[in-house]
There are 2 protein chains.
Amino acid sequence: MSTAASTPAGSLGGSLDAVTKWLTEDEQRAWVAWLGASELLMTSLDAQLQRDAGFPHAYYAILAQLSAAPDRTLRMSDLASVVNASPSRLSHAVGKLEERGWVIRRTCPSDRRGMLATLTDVGFAVLAEQAPGHVAAVRKGLLDPLTDEQVAQLEQICNAILDGLDPSRSRRLLA
Amino acid sequence: MSTAASTPAGSLGGSLDAVTKWLTEDEQRAWVAWLGASELLMTSLDAQLQRDAGFPHAYYAILAQLSAAPDRTLRMSDLASVVNASPSRLSHAVGKLEERGWVIRRTCPSDRRGMLATLTDVGFAVLAEQAPGHVAAVRKGLLDPLTDEQVAQLEQICNAILDGLDPSRSRRLLA
DNA sequence: AGGCTCTTGTTGAGAATTCAAGCAAGGGGC
DNA sequence: GCCCCTTGCTTGAATTCTCAACAAGAGCCT
């Protein structure tokens, strides 16, 4: 076997096939390719940002989502949804961004347990500075190798996967 | 905007468009969908393994690749290639697996700088125990939502991305 | 042999993420 | 009002990953 999801060493398949449905050759290849592509692409994007900007892609996503929101402000829970982060992770990350002066947090007036995160002008400037390089990296790693038709197919495929994993599609909040 | 790669707040596009090629609507949607799907799928697989097995997907991949290798043994550098890990990351991870008694390391006889990692019987048993649940998670998250045609398309798309990022395709070593 | 460089792998420190609590505020039901 | 339960977010510890520096063997050239 060659993938993280295939039967271990192909030896115990016989006894387990009754209860477990292993992957076919086609499925196997698709899964391996997907795993490799998503890992390599994410690490390459992370490396590009870390090198040029000094922060990981997860932080870029936070800045980008805030920049697109009304008043450059988003509630923590909404921000967590759109960047696909756990509350804890977002809290730590925004803490770091606040230390750098790129984001400000204040309590939500209408619901005092909530917090509103706002992108500062400095934060926006940093984002604007890094955006071209990041977009270029996305284009080179993901879009350039694909035909227009494949880009369209990929969107449909990924949306199907998303529907399966997250039926409410909270990531679409800011679509 | 709604994605980590789009122009910040859509305001400074005018001055930068001369040098930077932003994403089209189609590209944007594909990129957002890809990002969401790969992040959600990986976190769901990690969560499943962490819950059922107590270790992350990266460790599962190491065990799986070793189980498929001749003598359940692989050189560290080769193992790093097939699981797509940096030397450092692999060294730390194998160290942890060795502590648990699932892997053994010994120096390579033909090249004394090299190390050979071998999956133990205990390690193999752990892998065999966790494989069905993991395969089921992959199936449910990735394969089930897709048609057979989409699975085939996905393989081609991801291979195209891989060719762009890693032309030598070291991941194919154990294909 | 000597010396130079590249390869292989490890190590330790720092950063990011996860996990499990914990706390404060909202929203009923009584 | 009071109690209970849920929601929203934070905190600290443990885990994993990244980055830079390092050590040691191999390969090569003179």
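Just so you know, these numbers use all the heavy atoms, side chains as well, and skip hydrogens, waters and symmetry mates. Numbered from 1 within each chain, the chains take letters A, B, ... in sequence-line order.
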Contact list for residues 112-128 of chain A, test salt bridge (Lys or Arg N to Asp or Glu O under 4.0 Å), sequence neighbours left out
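Every pair satisfying salt bridge (Lys or Arg N to Asp or Glu O under 4.0 Å) with a residue in residues 112-128 of chain A: A:R72-A:D121, A:D111-A:R113.
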Give me each pair satisfying salt bridge (Lys or Arg N to Asp or Glu O under 4.0 Å) with a member in residues 48-60 of chain A, each pair once, sequence neighbours excluded.
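Applying salt bridge (Lys or Arg N to Asp or Glu O under 4.0 Å) to every pair that reaches into residues 48-60 of chain A, excluding sequence neighbours, yields nothing.
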Enumerate, atom names and distances included, each donor-acceptor pair closer than 3.5 Å involving a side-chain atom of residues 99-110 of chain B, sequence neighbours excluded.
| from | atom 1 | to | atom 2 | distance (Å) |
| --- | --- | --- | --- | --- |
| B:W102 | NE1 | B:R100 | O | 3.4 |
| B:R105 | NE | B:E98 | OE1 | 3.1 |
| B:R105 | NH2 | B:E98 | OE1 | 2.9 |
| B:R106 | NH1 | B:T118 | OG1 | 3.2 |

Let me know the distance between [atom1] of [X] and [atom2] of [N], rounded to the nearest Å.
{"X": "A:L49", "N": "D:dC17", "atom1": "CG", "atom2": "P", "value": "20 Å"}
{"X": "A:L79", "N": "D:dT10", "atom1": "CG", "atom2": "P", "value": "11 Å"}
{"X": "B:L90", "N": "C:dT11", "atom1": "CG", "atom2": "C1'", "value": "14 Å"}
{"X": "A:L97", "N": "D:dT10", "atom1": "CG", "atom2": "C1'", "value": "16 Å"}
{"X": "A:H57", "N": "D:dC17", "atom1": "NE2", "atom2": "P", "value": "19 Å"}
{"X": "A:E98", "N": "D:dC9", "atom1": "CD", "atom2": "P", "value": "14 Å"}

Could you list all N or O pairs between the protein and nucleotides 6-8 of chain D that sit under 3.5 Å apart?
| from | atom 1 | to | atom 2 | distance (Å) |
| --- | --- | --- | --- | --- |
| D:dT7 | O2 | A:R113 | NH1 | 3.0 |

Can you confirm whether B:L127 sits close enough to B:L66 that some side-chain heavy atom of one is under 4.5 Å from a side-chain heavy atom of the other?
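They are not in contact (no side-chain heavy atoms under 4.5 Å apart), so the answer is no.
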Just to verify, what does A:S86 make a side-chain contact (heavy atoms from CB on, under 4.5 Å) with, not counting sequence neighbours?
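A:S86 satisfies side-chain contact (heavy atoms from CB on, under 4.5 Å) with A:S88, A:R89 once adjacent residues are dropped.
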Applying side-chain contact (heavy atoms from CB on, under 4.5 Å), can you list everything that pairs with B:A80, at least two apart in sequence or on another chain?
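side-chain contact (heavy atoms from CB on, under 4.5 Å) list for B:A80, sorted by chain: B:L90.
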Reading nucleotides 13-19 of chain C from the 5' end, what letters show protein touch, with B for base, S for backbone sugar-phosphate only, - for no heavy atom under 4.0 Å?
---SSBB
At under 4.0 Å, does any side-chain N or O of A:R112 touch on OP1 or OP2 of C:dA24?
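No, A:R112 has no side-chain N/O under 4.0 Å of OP1/OP2 on C:dA24.
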Taking only residues at least two apart or on different chains, which pairs with a member in residues 136-153 of chain A satisfy side-chain hydrogen bond (donor to acceptor under 3.5 Å, both in side chains)?
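Qualifying pairs, neighbours excluded: A:R139-B:E27.
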Taking only residues at least two apart or on different chains, which pairs with a member in residues 68-88 of chain B satisfy ring-ring contact (aromatic ring centres under 6.0 Å, His included)?
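Sorted result for residues 68-88 of chain B: empty, none.
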